[in-house]
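A short write-up of the structure that comes next.
Side chains included, hydrogens not; waters and symmetry mates left out as well; all remaining heavy atoms used. Treat the numbers as computed from the prediction; the structure is a model and nothing was measured.
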Amino acid sequence: MFLLKEKRKAGIYLSIAQAYRDPVTKKSKRKRIRNLGYLKDLQKEYDDPIAHFTEVAEKMTTEYNNSHGIVEIKVNLSEKIHSDYHHSKSFGYVALSSVYHSLKINQFFNNRQTSYGADYRLDQVMKLLTFGEILYPGALTYTYSIRHRFFEGCGYSLEDIYDFSTFLTQYRTQFKSWIHENICNTVGRNTNTVFYYTTTHYFEADYDKWYEAKDDASVPRPSPLIQMGLFVDQNRIPITYNLFKRIPGDIPIMGPIFERARSEFDMDRIIIVANHKVSSYNYLYRIIRAGHGYIVNHNVRDVDEATQKYLLNDEGYRCLGNGRKIKSRIFTQTIRIKNKYGEKELIRLKEKQVFIFDAIYSRWETATRESILLMGKDLISANRNTSGHTEHNHPLDINHSMLMKEEILDGYYMFSTSELEMEDDEILNVYEDLWEVDELFKEKKNDYSARPSELSWSNHLSSFFMIRYIALIITRIIEHKTDLQYQKPTIIRSLKKCMAVNIGQNIFMTTYIDETLKKIGDALNIDFDKRYRTRQEIRSILNLTKATDCDQQSIDPETLQE
């Protein structure tokens, strides 16, 4: 606030005013907070009215900055909404910004800004893609369209975002090492025992080149199958990852890429977490002989009858709540493997088997089967008369005895592991973590179909995994800082709901608060309780999140422009 001096016919008129920026016209404006009177009248009461009320304005500014000021807002009921201005912005992403800067991600991009030669801010694009992926996941075009939901600068175009994918591809190895080093310095790492998650994903393939050469029988059709191997520490915070274009057989492990990752990130013993479809006992035996371990999920309908009988027996189950129960046993079985000479031999293998029943999963399986049966019955009914078969000998008739065997196994799933001492709940949590990672990195149809022609497939794929990798790290760190009281979906839902709405004169009203936000705020030193904030206050909060590193340079105000 400042002392405003206006020349009028009766003399100089004094008032205390506040400057603000009009969100629509982008011009500076001012509003009177307190009318004081004419200077000649005030001189009768004060020796130096200008000096006195200048000091009063400074005190009012201090009180206002300390959040004890009361501001009167005038509402124009005839004011129209401008389509080029976004009144609602995210405030919850401040928590993401705090973790982002604690890992010095901004420094990584700022250090390479000049050498890369981009005419846009690399750090600004990275923030948009990362925060957008966490709160508003979607295609690049969609992420670019919601850039105004953040208080960060928007000095880049959609073409710049495509170019940024090339940068990420070029520096992905250095970036992963940079992130790992800063996690070690801030959160801490324990890599004595780590988990290796293996997931498979279907992506677009470069069919244009194949189509041009399809007359040549020697040119195979490109495979869209991509495999990711993700290393995570005991806090479930990612360490690094590798991508493989195809799966020739079992999971590509124990090879040079795997060993190089172990050496670079100082990993000791590794527990492989995989699906039964991409594992075999030949492969699992190799893992054990190398000194590592495994946790593998099995389809209960593929196991032997003795195992099915054991899992259907209610004896030994322990209730987990929410309609789930669990039990386990140590089981020794004889497996057939190939030795180094290619000959088959029998090996005795001791492992732990964990069985879980989930009532929600059971209902889902039952409902899915019923919908398929209804479609099958309609198909049989439509074709029975035209096929010439009698009512009782149609080849498509349902085998009810087999159906009953399928139904009794609804809701059950099973794990086998080499970790005989690991608790049942821990084994379940590890594999559920794999499911979460698999879902996070799953490519959505609207994402890959929107890839522009100027963005190459390799750059698109590389940047896709890198952005979601960083998003996973940030959310996992927030989970860790809140003592694992809230899971990722709950955290994201609360952060997404925390919006700030401009109610006029650059004053924003926060629209949501809950216990999750309070816990996150306490952990990251962010006040989510306050209802009203000025734009300058929000900028100050963002500056504080950027100052988590003592070596952080001063913040350029241009980076926080509208």
What distance do K127 atom NZ and E152 atom CD have between them, rounded to the nearest 0.5 Å?
-> 4.0 Å
Does the pair R269/E419 count as a salt bridge with the N-to-O cut at 4.0 Å?
-> yes
Ion pair K481/D522, N-O distance below 4.0 Å = no
What's the verdict on salt bridge (Lys or Arg N to Asp or Glu O under 4.0 Å) for R369 and D410, showing C-alpha distance, side-chain angles and the deciding distance?
-> CA-CA 10 Å; R369 182 184 300 103; D410 285 351; 2.7 Å; yes
Decide side chain to side chain donor-acceptor pair (under 3.5 Å) for T240 and H180; before the verdict, give the C-alpha distance in whole Å, the side-chain angles of both, and the deciding distance to 0.1 Å.
-> CA-CA 8 Å; T240 186; H180 171 70; over 6 Å; no
Measure the CG-CD1 distance between L135 and I146 for me, rounded to the nearest 0.5 Å.
-> 8.0 Å
List the steps and the verdict of side chain to side chain donor-acceptor pair (under 3.5 Å) for E351 and Y294.
-> CA-CA 10 Å; E351 62 182 8; Y294 64 85; 2.6 Å; yes
Evaluation steps, side chain to side chain donor-acceptor pair (under 3.5 Å), between Y413 and N297 = CA-CA 8 Å; Y413 49 99; N297 168 252; over 6 Å; no
Measure from NZ or CZ of R121 to the centre of the six-membered ring of Y156, then state whether that distance is under 6.0 Å and the direction lies within 45° of the axis.
-> no
Got a second to check how far L517's CG is from T490's OG1, nearest 0.5 Å?
-> 11.0 Å
Looking at Y310, does the NZ or CZ of K327 lie under 6.0 angstrom from its six-membered ring centre and within 45 degrees of the ring axis?
-> yes
If you measure from the Lys or Arg side-chain nitrogens to the Asp or Glu carboxylate oxygens, is any gap between D233 and R476 under 4.0 Å?
-> no
List the steps and the verdict of salt bridge (Lys or Arg N to Asp or Glu O under 4.0 Å) for K352 and D424.
-> CA-CA 9 Å; K352 185 175 185 178; D424 297 350; 2.9 Å; yes
Short N-O contact, K488 and E439, less than 4.0 angstrom = no
Residues Y144, D160; criterion side chain to side chain donor-acceptor pair (under 3.5 Å); working and verdict = CA-CA 10 Å; Y144 179 73; D160 294 333; over 6 Å; no
Rounding to 0.5 Å, atoms OG (S418) and CG (L349) come to a distance of 8.5 Å
Any sub-3.5 Å donor-acceptor pair from R468's side-chain atoms to L440's backbone N or O?
-> yes
Just how far is it from atom NZ of K530 to atom CZ of F91, taken to the nearest 0.5 Å?
-> 9.5 Å
Between the OH atom in Y469 and the OH atom in Y241, the distance rounded to the nearest 0.5 Å is 7.5 Å
Exam field: side chain T475 to backbone L472, donor-acceptor pair closer than 3.5 Å | yes
Basic-acidic side-chain contact under 4.0 Å: E365, R301 | yes
Flag this pair as yes if the NZ/CZ of R112 is under 6.0 angstrom from the six-membered ring centre of Y116 and inside a 45 degree cone about the axis; otherwise no.
-> no
Can D266 and R189 be counted as an ion pair, charged N to O under 4.0 angstrom?
-> no
